[in-house]
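To keep things clear, I will list the structure first and then write my remarks on it.
Lettering follows sequence order; numbering is per chain, from 1.
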There are 2 protein chains.
Amino acid sequence: MKKEKATIHDIARKLNITASTVSRALKDHPRISAETKKAVQKAAVKLNYQPNNIAAALRNGKSNIIGIIVPTADRTFFSSVVRGIEEIANTAKYNVMICQTYDNFDKEVSTVEALLNARVDGIIVSHGKETQNFEHFLKVKERGIPIILFDRSNDELEVSNVVIDDFLGAYKATEHLVQQGCKRIAHFTNARKISIFKERLRGYREALLDNGLKFDESLVVDSNLQLEDGRSSMEQLLKRKDIPDGVFSSSAYGILGAMQVLKEKGFKVPEDVALVGFSNEPFTSFTEPPLSTVDQHPMRMGNAAAEIFLEEMAAKDKKFIPQKIVLKPELIIRQSSLRKKPN
Amino acid sequence: MKKEKATIHDIARKLNITASTVSRALKDHPRISAETKKAVQKAAVKLNYQPNNIAAALRNGKSNIIGIIVPTADRTFFSSVVRGIEEIANTAKYNVMICQTYDNFDKEVSTVEALLNARVDGIIVSHGKETQNFEHFLKVKERGIPIILFDRSNDELEVSNVVIDDFLGAYKATEHLVQQGCKRIAHFTNARKISIFKERLRGYREALLDNGLKFDESLVVDSNLQLEDGRSSMEQLLKRKDIPDGVFSSSAYGILGAMQVLKEKGFKVPEDVALVGFSNEPFTSFTEPPLSTVDQHPMRMGNAAAEIFLEEMAAKDKKFIPQKIVLKPELIIRQSSLRKKPN
DNA sequence: CTCCAATGCGCAATCGATTGCATTTTAGGA
DNA sequence: TCCTAAAATGCAATCGATTGCGCATTGGAG
């Protein structure tokens with residue numbers, strides 16, 4: 001159990017110089033001679049020196065760590081965003097610390113607290129479904145540390161955020177269903193207080209109206225959008241006398257549940273009911289038939305969030321004007337909604 | 001941009017006491033009067049005091065952070081393990097820092113380095129597929145900080161690890177196929193140097209021999225086990241004149257690829273070819289037919305890893321004998337392998 | 001009324017790296 | 001050879017929390 005904890009002082013002692021010089025030499029300070037630098041490098045390797053980031057963090061007031069908070073990391077959407085953040089962050093010498101809230105509000109609050117205490121230099125977060133109160137995020141901002149929201153956001157909050165144009169995504173998806181001949185299109189949504197779902201609902205509605213169909217509130221089903229919810233929502237719709245001939249779901253699992261129920265009951269997809277979901281999770285491409293979906297470009301979203309963070313860090317002190325980046329979603333058309341052969 | 005950075009000194013000044021007393025009061029030290037403690041608490045709240053964990057970490061030599069390294073967080077298996085770790089770690093006041101290597105060896109090495117510099121108190125890791133050299137892990141151990149491997153491990157390495165009995169899982173899966181009447185069972189494996197795949201191959205082989213079938217090397221296909229690999233492996237097998245009537249894959253995506261190809265070519269699952277995979281990823285339950293698979297109990301695996309970490313921390317200084325925990329896997333039988341109705 | 005032992009707090013050093021300013025060394029010009 | 005500016009390094013304080021040791025109260029026993 002050897003605990004070799006070589007510090008710059010050990011290097012200094014070995015070379016008969018001071019820690020200051022060692023510190024400067026290691027950072028390639030111009031006022032240190034090339035000779036000394038080489039000697040220090042060599043000694044550092046020899047003593048197996050590892051910088052103590054904690055000490056540096058204490059002194060500098062920055063830890064070079066970005067905290068990332070997501071509801072869960074096991075959705076490809078979120079893990080891809082994380083990857084996008086890392087791409088940018090790593091090149092700027094930042095490390096990331098990923099925390100999961102499991103959509104639990106209390107856990108979200110305590111996580112923010114923990115990251116703050118860990119003195120992260122910034123926080124990038126997609127908040128949980130339960131989150132109505134945003135004080136914990138404001139607190140971060142007031143502490144002067146950058147906070148950037150992605151995907152799930154809140155316009156009233158004066159912080160930077162990166163989102164996709166949910167309205168447009170939903171609009172495209174719905175319009176596509178109309179073009180495929182659907183006349184009665186249902187919509188699965190969730191907690192309408194959350195901006196992304198509100199926007200998607202709005203896009204769905206506008207697309208209907210713009211295409212000469214009417215918006216029927218009774219075709220909008222509110223649920224938690226998980227697999228089981230999608231199933232029960234579909235079952236509920238199938239009890240009607242005028243069952244829908246198309247469904248646009250605000251989630252990937254929701255539409256999967258719908259498809260399962262439809263097939264179990266003998267309906268054909270897309271002939272009887274055409275389906276389009278949201279979030280291009282991998283599994284949507286290997287269901288039968290493969291599911292059409294709205295791709296959110298998660299990697300780009302992560303890149304953008306990290307870039308905003310870096311800009312905010314650079315602009316430190318000057319007051320930074322929160323910026324909003326809106327990415328364009330892409331409709332990916334697969335078998336589940338394709339009735340007509342493209343000419 | 002107000003930067004209220006209240007420290008224990010600010011509290012001390014306000015109450016006309018010293019920082020030592022404040023520090024002790026906040027930690028409920030017995031030698032501090034109840035009165036003082038209350039006053040400190042109140043002042044702390046009033047000044048919006050947030051402890052600086054970095055300062056404490058520097059002084060104590062511990063950060064209360066556990067580093068977790070996984071190839072990728074977007075596989076349910078890994079994210080569940082993380083969740084299992086968090087469950088235990090959080091109750092012991094530890095936070096986790098999740099890092100992804102994307103199965104890239106260099107990234108794995110640099111991640112270990114980064115965690116070491118961040119002065120994490122321990123590292124829990126499942127190494128990448130490329131990893132043949134384990135020096136970076138040994139370095140961690142030599143530094144006196146606990147390192148625990150999970151799932152993918154290496155017996156020659158003298159460090160604690162938590163794995164499932166891969167041999168048993170494969171044995172059960174293969175035996176099940178035999179019981180369903182399969183006579184020519186193929187196996188998808190990966191880089192046989194990795195212990196988990198070697199063990200599964202061994203389990204497959206033993207089960208065949210124990211059940212009166214012979215082991216045919218030509219039915220073992222080596223690939224990277226992703227979706228595309230599963231497809232091409234299956235295509236390769238279908239070119240034979242004596243095509244297999246069962247496939248056991250060491251991964252979930254591999255077996256999915258196989259099923260896709262089989263269905264495209266008009267084979268029936270499980271009647272013509274029965275399939276069993278590994279890793280109970282959610283999607284395996286909603287393919288058609290649903291895929292049989294070996295569940296690895298990822299949450300328990302995470303729990304166990306975290307518990308070992310805590311034990312090692314407690315045993316600090318005394319030399320800790322690396323321990324190995326082997327969990328029993330569970331075979332989950334679904335339609336893809338079920339030919340006979342259970343009586 | 002003394003004296004001792006709890007009880008409550010303060011002092012000062014420590015963790016390791018960083019950095020403004022001071023000091024020493026070196027090189028080159030006069 | 002002397003002097004000075006430039007080059008190279010050293011000094012010491014700092015970041016904030018922690019903690020062993022020591023000092024000063026206070027209460028109660030004898």
Side-chain angles (χ1 to χ4, degrees), chain A residues 3-41 43-44 47-65 93 116-121 143-145, chain B residues 3-41 43-44 47-65 93 116-121 143-145:
Chain A
K3 282 199 184 184
E4 11 187 341
K5 35 178 181 180
T7 72
I8 53 173
H9 293 93
D10 298 320
I11 298 179
R13 202 171 310 123
K14 184 180 168 76
L15 299 177
N16 261 66
I17 53 179
T18 64
S20 333
T21 304
V22 174
S23 174
R24 292 192 176 99
L26 289 171
K27 323 208 79 183
D28 206 30
H29 186 112
R31 297 291 285 273
I32 301 296
S33 70
E35 200 179 7
T36 305
K37 283 179 188 169
K38 264 178 216 160
V40 169
Q41 296 287 6
L47 294 178
N48 188 26
Y49 167 75
Q50 296 290 134
N52 185 329
N53 285 357
I54 291 199
L58 177 60
R59 169 63 214 238
N60 297 329
K62 71 192 297 271
S63 59
N64 271 65
I65 294 177
K93 299 294 178 198
L116 242 28
N117 291 351
R119 291 304 198 263
V120 295
D121 293 335
R143 284 282 217 85
I145 96 161
Chain B
K3 282 200 184 183
E4 10 188 342
K5 34 177 181 180
T7 72
I8 54 172
H9 293 93
D10 298 319
I11 298 179
R13 202 171 310 124
K14 183 180 168 78
L15 299 178
N16 261 68
I17 54 179
T18 64
S20 330
T21 304
V22 175
S23 174
R24 293 192 176 99
L26 289 172
K27 322 208 79 182
D28 206 31
H29 191 284
R31 297 290 285 274
I32 301 297
S33 71
E35 200 178 9
T36 305
K37 283 178 187 169
K38 264 178 216 158
V40 169
Q41 297 286 6
L47 294 178
N48 187 28
Y49 168 74
Q50 295 290 136
N52 185 329
N53 285 358
I54 291 199
L58 177 59
R59 170 62 214 238
N60 297 330
K62 70 191 298 270
S63 59
N64 272 64
I65 294 177
K93 300 294 178 198
L116 242 28
N117 291 351
R119 291 304 197 261
V120 295
D121 294 336
R143 284 280 216 88
I145 97 160

Taking only N/O atoms, report every protein-nucleotides 12-15 of chain C pair under 3.5 Å with atom names and distance.
unit_1	atom_1	unit_2	atom_2	d
C/dA12	N6	B/Ser20	OG	3.3
C/dT14	O2	B/Arg59	NH1	2.8
C/dC15	O2	B/Arg59	N	3.3

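Closest to the side chain of A/Lys27, out of C/dA17, C/dT18, D/dT18, is C/dT18.
Residues A/Val40 and A/Thr21 have side chains not in contact (no heavy-atom distance under 4.5 Å, counting atoms from C-beta outward). Residues B/Asn53 and A/Arg119 form no side-chain contact, since every pair of their non-hydrogen atoms from C-beta on lies 4.5 Å or further apart.
Remark: B/Thr36 engages B/Ser33 in a side chain to side chain donor-acceptor pair (under 3.5 Å) (not counting sequence neighbours). Considering only residues two or more places apart in sequence or on other chains, B/Asn64 meets the side chain to side chain donor-acceptor pair (under 3.5 Å) condition with B/Lys62. A/Arg13 meets the salt bridge (charged side-chain N to carboxylate O under 4.0 Å, His left out) test with A/Asp10; sequence neighbours excluded. B/Asn60 pairs by the side chain to side chain donor-acceptor pair (under 3.5 Å) definition with nothing, not counting sequence neighbours.
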Note to self: As a quick check of understanding, evaluate side chain to side chain contact (heavy atoms under 4.5 Å, CB included) for B/Leu58 and A/Asn52, giving each step before the final call.
What the structure shows: CA-CA 9 Å; B/Leu58 177 59; A/Asn52 185 329; 4.2 Å; yes
Checklist line | Full working for side chain to side chain contact (heavy atoms under 4.5 Å, CB included) between A/His29 and A/Lys27 | finding: CA-CA 6 Å; A/His29 186 112; A/Lys27 323 208 79 183; 5.5 Å; no
Margin query: Please determine whether side chain to side chain contact (heavy atoms under 4.5 Å, CB included) holds for the pair A/Leu15 and A/Val22, giving the CA-CA distance in whole Å, both sets of side-chain angles, and the decisive distance to 0.1 Å.
Written below: CA-CA 9 Å; A/Leu15 299 177; A/Val22 174; 5.5 Å; no
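Comparing B/Gln50 and A/Arg24, the nucleotide of DNA chain D nearest to each residue sits closer to the 5' end for A/Arg24. Comparing B/Arg119 and B/Thr21 by the nucleotide of DNA chain C whose heavy atom lies nearest to each, the residue mapping closer to the 5' end is B/Thr21.
Atom-to-atom, NZ of B/Lys62 to P of D/dA17 comes out at 17 Å; the value is rounded to the nearest Å. Put simply, CG on B/Leu15 is 11 Å from P on C/dC9, counting in whole angstrom units. One can place CG of A/Leu26 at 8 Å from P of C/dT18, the figure rounded to the nearest angstrom. One atom, CG of B/Asn64, and another, C1' of D/dT18, lie 14 Å apart when rounded to the nearest Å. Rounded to an integer number of Å, the gap from NE2 of B/His9 to C1' of D/dA17 is 8 Å. Between the CD1 atom of A/Ile8 and the P atom of C/dT18 there is a distance of 6 Å, rounded to whole Å.
Dashed line: the shortest gap from a side-chain N or O of B/Thr18 to OP1 or OP2 of C/dC9 is not under 4.0 Å.
A/Asn16 comes within contact range of the sugar-phosphate backbone alone, with a heavy-atom separation under 4.0 Å but no base atom that close. Among the heavy atoms of the strands lying under 4.0 Å from A/Ile17 are primed sugar atoms or P, OP1, OP2 only; no base atom is included.
For residues 29-40 of chain A, proximity to DNA chain C is found at no residue, defined as any non-hydrogen atom under 4.0 angstrom from a strand atom.
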